[in-house]
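All values below were derived from every heavy atom in this structure, side-chain atoms included, with hydrogens, water molecules and symmetry-related copies excluded.
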Amino acid sequence: MNYPSLIGFIIGVLAIIVLAFIERRINNPYLKSLWRSALFFFSMYVLILVLVFFRWKYYEMQLSTFDLNADGSIGLKEYTDQYRFVRDKVMSGADRNFAFVTGAALSFLLAGLALILDLINTWIKSKNNPIQS
């Protein structure tokens, strides 16, 4: 895991822990909706970073299988089209290098949509039954 993704992962896990501790103190249903969407955001963010990390590790492990004689380098007999494909995936790593940004953007988009839907649902529930809220 590269450093920006590692920092994003640590921040995400710490935010989930903090959100778990403050959950009991929230009584307002609208703040509860905000809490749920924040938890959803950080959970999705951590999940995306972990999935990108596992995908990159899978390609690294797959790359090591092409070294048939285990001498640490790829010889002419081991150099195939499949090796070049996997090597390019590992070496370019653009998706891995920008996973912390794209993961945050995708998580923010999904959490924003979930927040809007949850706020609408909370408003409809409070309008139909004002005593419960």
Between [atom1] on residue [X] and [atom2] on residue [Y], distance to nearest 0.5 Å:
X: Leu31; Y: Arg25; atom1: CG; atom2: CZ; answer: 14.0 Å
X: Tyr58; Y: Leu51; atom1: OH; atom2: CG; answer: 15.0 Å
X: Ser5; Y: Ile10; atom1: OG; atom2: CD1; answer: 11.0 Å
X: Leu115; Y: Phe108; atom1: CG; atom2: CZ; answer: 9.0 Å
X: Ser33; Y: Ile120; atom1: OG; atom2: CD1; answer: 10.5 Å
X: Ser37; Y: Leu113; atom1: OG; atom2: CG; answer: 11.0 Å

Nearest heavy-atom pair of [X] and [Y]: which atoms, and what distance?
X: Leu49; Y: Phe9; result: CD1-N, 3.5 Å
X: Pro29; Y: Thr122; result: CB-CG2, 3.6 Å
X: Ala104; Y: Phe41; result: O-CE1, 3.5 Å

Are [X] and [Y] connected in the hydrophobic side-chain network, where two residues link if heavy atoms are under 4.5 Å apart?
X: Val50; Y: Met61; answer: no
X: Ile124; Y: Leu34; answer: yes
X: Leu109; Y: Val52; answer: no

Any side-chain heavy-atom pair from [X] and [Y] closer than 4.5 angstrom?
X: Tyr30; Y: Trp123; value: yes
X: Leu14; Y: Val18; value: no
X: Asp118; Y: Arg36; value: yes

How would you list, by chain and number, every residue that makes a side-chain contact (heavy atoms from CB on, under 4.5 Å) with Phe42, sequence neighbours excluded?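 Only Ala15, Ile16, Leu19 meet the side-chain contact (heavy atoms from CB on, under 4.5 Å) criterion with Phe42.
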
With distance as the sole test, does Ser107 use its side chain to make a donor-acceptor pair with the main-chain N or O of Tyr45 at under 3.5 Å?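 Pair found, side chain donor or acceptor close to backbone of Tyr45.
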
side-chain contact (heavy atoms from CB on, under 4.5 Å) between Leu117 and Asn121, worked out: CA-CA 6 Å; Leu117 293 174; Asn121 188 29; over 6 Å; no

